[in-house]
2 protein chains.
Amino acid sequence: MRPDDLPHIKDLPLFSEMEEERFAQLVEGAFLQNFPPGVELFSEGEPADFLYVVTEGHVELYASANNRETVIGILEPVTAFILAAAVSDAPYLMSARTLDKSRLLMIPASKFREMTGSDSQLTTAVLRELAKGYRTLVKAHKEMKLRTALERVANYLLRENKRQGSAGHFVLQHDKRILAALLGMTPENLSRAFGSLQEYGVTVEGTRITLSKLKDLETLAKPTTLIDDPDY
Amino acid sequence: MRPDDLPHIKDLPLFSEMEEERFAQLVEGAFLQNFPPGVELFSEGEPADFLYVVTEGHVELYASANNRETVIGILEPVTAFILAAAVSDAPYLMSARTLDKSRLLMIPASKFREMTGSDSQLTTAVLRELAKGYRTLVKAHKEMKLRTALERVANYLLRENKRQGSAGHFVLQHDKRILAALLGMTPENLSRAFGSLQEYGVTVEGTRITLSKLKDLETLAKPTTLIDDPDY
DNA sequence: CGTCACTTTGATGCTGATCAAAAATGGTGG
DNA sequence: CCACCATTTTTGATCAGCATCAAAGTGACG
């Protein structure tokens, strides 16, 4: 691991409160590794050997059953993931693959569990982080059960617009195929959804999105802080 | 609060490791209260003032948007709920109501947060409990995105059969209306799903269920530990 | 024993999946 | 830099799954 990566990682909410010495201890058995796009990091059902942190690139969490596959979430820097499995010493419930060229910190789960047992700063930070992750997942679950596919697309566009500076135009961060799975629909359906949203001022040119009738789109989407606000 | 309730509660995984004195401190500001069925305990969007523990009865966690309502989970004794909101000092993302006559421990969230900051036994226990809750939710989310309504019903029946002793017959624990919402479908559809499952050996007489062709039902349902095993 | 909520049944229509194929895009090697 | 290939995206046609609306049947409880 490059020494100049460390400060960057130490700044994570997860580690920032730890004593330097404790942090050094945690990280000494860890790897910081580069991956090309499309690499499978782990597969659901495997024992959770590592806790991961994305520091560059993007990671897709996905799950399969019955010949179907769906995306549970997409992680951007800087985010720790698979915390619950690592804490519980249980099998991964999701698989993970890199979407882009990515840089990941891999902390052996046994070491991590050992340290969460003894370092209360760390335990508290992990608890906060996991609580945040839990709430994110509740929102995703609510969205899935309470909204139609078209509403999910509309709200996704509104969230992404806000996230990229509320300029009224932005760039899709992922392939439409992956976006479709994240939104719980087929690529064909997503394409048609974009078509239907034209009358609500949505223009799609490749990955470039323009929202020209925000009001109308919001009337359709009916966003709510209790699903759409990432800080809530 | 009745003094003889305390030992019962102290036995919760959440509290069992705490020192007696700390536990007394936590519980001194708490209420242990009886509720009739159908009482709304709190509503999504409200600040999380209490952490709850069901000690008797059943509690339904539900959420609304757009005139739609869905059930996120149903809790039985003895379970702490709404941990993430209490930890995060954030608004509830779900509403809760009693389904039966119920007995609930209500711990002021501020007190709870205060103590998780200072008692590392408690912090660790909360972390474990929350990690378990997170994994339960991941399973629910996967089920929702990866299975059809009929498959969800079939798998629910298999899980419930196992939970009630694998006798091949058992009793539905909730109104079919509520069960339908939990499974992400309408009551009409659940009724029809039961009809379709007759050819797989499923008999429904009121709340009494009999499974006479387990093999066939499993062939249809394709249960997997990574969704259906509560201990995984 | 009447009322109210829950459940079932039937008819119909919308939402979204599937299948097939054309069009667009992006990366690669010549 | 261009031609080619593989992949992604779009478009069209069709179908299955599930919701909705309406109404009858059932059961619990005052």
Side-chain angles (χ1 to χ4, degrees), chain A residues 36-38 60 64-71 97 99-101 143-157 171-198 202-209 220-221, chain B residues 36-38 60 64-71 74 97-101 143-157 171-198 202-209 220-221:
Chain A
E60 175 192 348
S64 313
N66 295 347
N67 276 0
R68 280 161 276 205
E69 181 175 309
T70 193
V71 176
R97 71 168 74 96
L99 289 178
D100 314 324
K101 207 162 156 307
E143 172 152 59
M144 195 62 210
K145 289 186 83 172
L146 291 169
R147 286 176 172 161
T148 66
L150 189 65
E151 290 169 342
R152 294 197 295 274
V153 174
N155 279 291
Y156 178 84
L157 295 178
V171 172
L172 292 178
Q173 300 295 296
H174 314 286
D175 286 358
K176 288 169 184 168
R177 195 175 50 84
I178 289 167
L179 190 54
L182 180 64
L183 295 172
M185 59 201 295
T186 58
E188 293 95 322
N189 234 301
L190 177 60
S191 182
R192 282 185 253 271
F194 282 142
S196 309
L197 290 176
Q198 274 179 30
V202 176
T203 314
V204 181
E205 287 159 334
T207 64
R208 304 198 58 80
I209 304 283
L220 171 72
Chain B
E60 176 192 347
S64 313
N66 295 346
N67 276 0
R68 280 161 276 204
E69 181 176 310
T70 192
V71 176
I74 296 174
R97 71 168 74 95
T98 54
L99 289 177
D100 314 326
K101 206 162 156 307
E143 172 152 59
M144 195 64 210
K145 289 186 84 173
L146 290 169
R147 286 176 173 160
T148 66
L150 189 65
E151 289 169 340
R152 294 197 294 275
V153 174
N155 279 291
Y156 178 84
L157 295 178
V171 172
L172 291 177
Q173 299 296 294
H174 314 286
D175 285 0
K176 288 169 185 167
R177 195 176 49 85
I178 288 168
L179 191 53
L182 181 64
L183 295 174
M185 59 202 294
T186 58
E188 294 95 321
N189 233 302
L190 177 60
S191 183
R192 281 185 254 270
F194 282 142
S196 309
L197 290 176
Q198 274 180 30
V202 175
T203 315
V204 181
E205 288 158 332
T207 64
R208 304 199 56 81
I209 305 284
L220 171 71

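Letters A, B, ... mirror the listed sequences (proteins, then strands); counts begin at 1.
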Review point. So what does A/T148 hit on the nucleic acid, given a heavy-atom distance under 4.0 Å: a base, only sugar-phosphate, or nothing?
Key: sugar-phosphate
Winner on side-chain proximity to A/R192, out of D/dA19, D/dT20, C/dT18, is C/dT18
Contacts of A/G184 and A/G206 projected onto DNA chain C by closest heavy atom; the upstream (5') one is A/G184
The residue among B/I209, B/T203, B/V153 that forms side chain to side chain contact (heavy atoms under 4.5 Å, CB included) with B/L197 is B/V153
Exercise. Between A/K145 (side chain) and B/L182 (backbone), is there a donor-acceptor pair under 3.5 Å?
Worked result: yes
When you measure from the side chain of A/R68 to the backbone of B/L146, do you find a donor-acceptor pair of N or O atoms at a distance under 3.5 Å? yes
Under 3.5 Å, side chain of A/K176 to main-chain N/O of A/T207, donor-acceptor pair present? no
(Q) So A/N189, base contact, sugar-phosphate only, or nothing? Heavy-atom distance under 4.0 Å. (A) base
B/R147 CZ to D/dA16 P, in whole Å, measures 23 Å
Whole-Å distance, A/I178 CD1 to C/dT25 C1', equals 15 Å
Rounded to whole Å, the NZ-C1' distance (B/K145 to D/dC18) equals 19 Å
*asked:* For the backbone of B/V171 and the side chain of B/Q173, can you confirm whether one donor and one acceptor N or O come within less than 3.5 Å of each other?
replied: yes
Hey, is the side chain of A/R177 pairing donor to acceptor with the base of D/dT10 inside 3.5 Å?
-> no
A/L150 CG to D/dA19 P, in whole Å, measures 17 Å
Of D/dT10, C/dT18, D/dT20, the nucleotide closest to the side chain of B/T186 is D/dT20
Whole-Å distance, A/L172 CG to D/dT9 C1', equals 12 Å
Checking D/dT8, C/dA17, C/dT8 against the side chain of B/E188 (C-beta onward), the nearest is C/dT8
B/M185 atom CE is separated from C/dT8 atom C1', nearest whole Å, by 14 Å
Separation of D/dT9 atom P from A/H174 atom NE2, nearest Å, is 12 Å
Atom CG of A/L190 and atom P of C/dT15 are separated, to the nearest Å, by 17 Å
Does A/K176 place a side-chain N or O at less than 4.0 Å from the phosphate oxygens OP1/OP2 of C/dT25? no
